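Please read the structure below before turning to the comments.
In what follows, residues are counted from 1 in the order of the sequence shown. Owing to the predicted nature of the structure, the values given are computational and were not obtained by experimental measurement.
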Amino acid sequence: MARLLVALSLVCLCLVATAEAGFFSRNKASPAQAAPAVVTPSNTCSSTDGGACAGECTAPHRPADSVKPYCYVPKHVSKEAQAYLSAAHPKEFLPDIPQQRAYFDARTTPIGTAAAATFLQSTEDATIAGVPVVYGTPKGYTSSVSKQLLLYFHGGAYLSAAHPKEFLPDIPQQRAYFDARTTPIGTAAADTFLQSTEDATIAGVSVVYGTPKGYTSSVSKQLLLYFHGGAYSLGSCKSSAWMIAAPVAHAAGLQVLCVEYRLAPEHPFPAALDDALVVYRHLLVEEGYSAHNIVMLGDSAGGGLIMALLQLINQLPDEQQHDAIDPPAAVVLYSPWVDLSPHGGDSIVTLTGVDPMLRAPNDPDSPSPAALAYVAGNASLLSDPLVSPLHGTYDDVHFPPTLIQVGLRDMLISSNVLLYRKMHAAGQLVTFSPYEAMWHVFQAFWNFPEAQAANQEAADFLRDHLPQHASQQDAGEAAGDSTL
């Protein structure tokens, strides 16, 4: 298991962000241009300041040209996060494939060699159907009667860094790219935290139920309703979803329902919102769930979709609600995308090149391609509260208790702060939880200590706002379960 987690960590370095980052900007990342002299912030270093890391990094770039973060990795974050932040961006822009491969290999070979020396007793080169392969035998391995094998596919298909040098121009390519790289991580999370998954359909919308290991049902049905991220155009309940949903469902002891809402550009706004509403309404009206027994979790676009759904519920006329559409007991938002309009906060510009997951358009005055795809090119819709919930009203309406988690390197942190302040000023029960040095939806790196802490915080928050039943409390106390 330890080797599997190490492998997953290395895969995470390469895989999660690339497609979504590319979709936020279709422009190729440009090589850094010679910049005028700047004053280097105290938490950076450059070849001109004579510091300990001189020659290893550069002064900050103009945001539109940036392909590197500030050369600073805090020592008080986990070693896993330090490793990711140190390797997430190339130190030099390498324009051709051979250079990039040489750069990548030079930096990963020592780590791989050390891992092999630590965990393997031997390796053996071979060929299968004309394809070169390498067998690795772990220390202490004993063969069994039935042959068992771990088949491993290494990361690095994007060649060298979290930001791809060539962005994929069409949606099918991006989806295939995204799914191929997130599915193994999501599958590993599902295998670790879930005992089963089940495909289903609710009111014509595809969904997937996930049951966590150790789950026991209660007299009153309780459910975690999850909406995945992916810029409204990528991701699914069969690829990236379980990286986020499975650890939280397991920690909270809740069955989870992932909604496979329709994606843009084939199904632009309001298709995703319609799907979210019809599933939620069906759970309340047709399946007998009480709103106070449902909690919601969403990351990035999925978090924005939850806030849009809550805006919509507050807008529905009484005759449409039929006293049935009440908000859920609580919601947790991981780096929610709540402002799709241009100028969506200071950090869209200042953290481009610092957040290894996302990259803003080179022209900050223009909407991102993802945003335009969601509204079918109609930029006038980008300030609609049902598209950009930050622009909605939070006064004199009811929103459930809300937890917003965001990393301090997250490019969307400004809009997240603005959402928190707007909800707080309106008297809504909202908690803002920032994480030092973390990036956009860092919680997907579920075996990192910071992600584990964040997912546990989310699970505790959701569980704390669900009704507690005597039978569950007794069982929890008997088992010493402090989360109930």
Side-chain angles (χ1 to χ4, degrees), residues 1-18 20-21 69 72-89 107-108 111-112 114-115 119 154-156 158 161-163 181-194 212 228-229 235 239-252 297 299-300 303 332-335 351 354-358 403-413 416 433-461:
M1 177 59 71
R3 285 184 289 107
L4 176 59
L5 292 179
V6 170
L8 286 171
S9 296
L10 293 176
V11 171
C12 282
L13 302 184
C14 307
L15 306 183
V16 177
T18 52
E20 188 171 15
Y72 174 74
V73 179
K75 300 303 181 186
H76 54 270
V77 300
S78 70
K79 62 181 182 298
E80 293 89 346
Q82 290 182 40
Y84 177 76
L85 290 170
S86 297
H89 296 260
R107 282 148 184 81
T108 59
I111 305 171
F119 298 109
H154 69 78
Y158 73 110
H163 288 300
R181 284 147 183 78
T182 58
T183 298
I185 308 169
T187 299
D191 290 343
T192 301
F193 298 108
L194 302 182
H228 67 80
S239 61
S240 57
W242 299 126
M243 296 185 298
I244 298 293
V248 177
H250 181 264
L297 170 68
D299 60 284
S300 196
V332 171
L333 312 174
Y334 286 174
S335 307
L351 293 182
V354 178
D355 184 341
M357 287 291 173
L358 302 178
L403 170 64
I404 303 170
Q405 286 185 1
V406 63
L408 292 180
R409 294 190 181 209
D410 193 327
M411 207 173 76
L412 301 187
I413 190 172
N416 286 196
S433 181
Y435 279 76
E436 165 70 358
M438 295 296 104
W439 49 90
H440 184 65
V441 194
F442 67 93
Q443 299 89 339
F445 293 64
W446 52 267
N447 55 330
F448 281 23
E450 290 85 355
Q452 292 170 351
N455 288 329
Q456 186 63 57
E457 179 188 36
D460 291 344
F461 182 87

Heavy atoms only: give me the nearest [X]-[Y] pair and the separation to one decimal.
X: Arg409; Y: Ala437; result: CD-O, 3.5 Å
X: Ala459; Y: Ala252; result: CB-N, 3.6 Å
X: Ser335; Y: Leu412; result: O-CD1, 3.9 Å
X: Leu403; Y: Ser433; result: CD1-CB, 3.9 Å
X: Asp355; Y: Met411; result: OD2-N, 2.8 Å
X: Ala189; Y: Ala246; result: O-CB, 3.9 Å

Any idea how His250 and Phe193 line up, ring-wise: parallel (<30°), tilted (30 to 60°), or perpendicular (>60°)? tilted

Going through the checks in order, is the side chain to side chain contact (heavy atoms under 4.5 Å, CB included) test met by Trp439 and Phe445? CA-CA 10 Å; Trp439 49 90; Phe445 293 64; 3.3 Å; yes

Euclidean distance, [Y] [atom2] relative to [X] [atom1], rounded to 0.5 Å:
X: Met243; Y: Asn455; atom1: CE; atom2: CG; value: 11.5 Å
X: Gln405; Y: Asp299; atom1: CD; atom2: CG; value: 11.0 Å
X: Phe448; Y: Lys79; atom1: CZ; atom2: NZ; value: 10.0 Å

Given side chains that start at C-beta, do those of Leu297 and Ile244 come closer than 4.5 Å, heavy atoms only?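 Yes; the side chains approach each other to less than 4.5 Å.
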
Val441 and Met357, any side-chain heavy atoms less than 4.5 Å apart: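 Not touching, per the 4.5 Å side-chain cut-off.
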
Are Tyr435 and Phe442 an aromatic pair, judged by ring center distance below 6.0 Å? yes

Using the side chain to side chain contact (heavy atoms under 4.5 Å, CB included) rule, pick out the option among Leu408, Asn416, Asp410 that qualifies with Pro434.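 Result for side chain to side chain contact (heavy atoms under 4.5 Å, CB included) with Pro434: Leu408.
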
Output yes when a side-chain donor or acceptor of Gln82 lies under 3.5 Å from a complementary backbone atom of Val77, and no otherwise.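 Checking the backbone N and O of Val77 against the side chain of Gln82, a donor-acceptor pair under 3.5 Å is found.
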
Between the main-chain N or O of Met438 and the side-chain N or O of Glu450, is there a donor-acceptor pair closer than 3.5 Å?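 No, Glu450 side chain to Met438 backbone: no donor-acceptor pair under 3.5 Å.
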
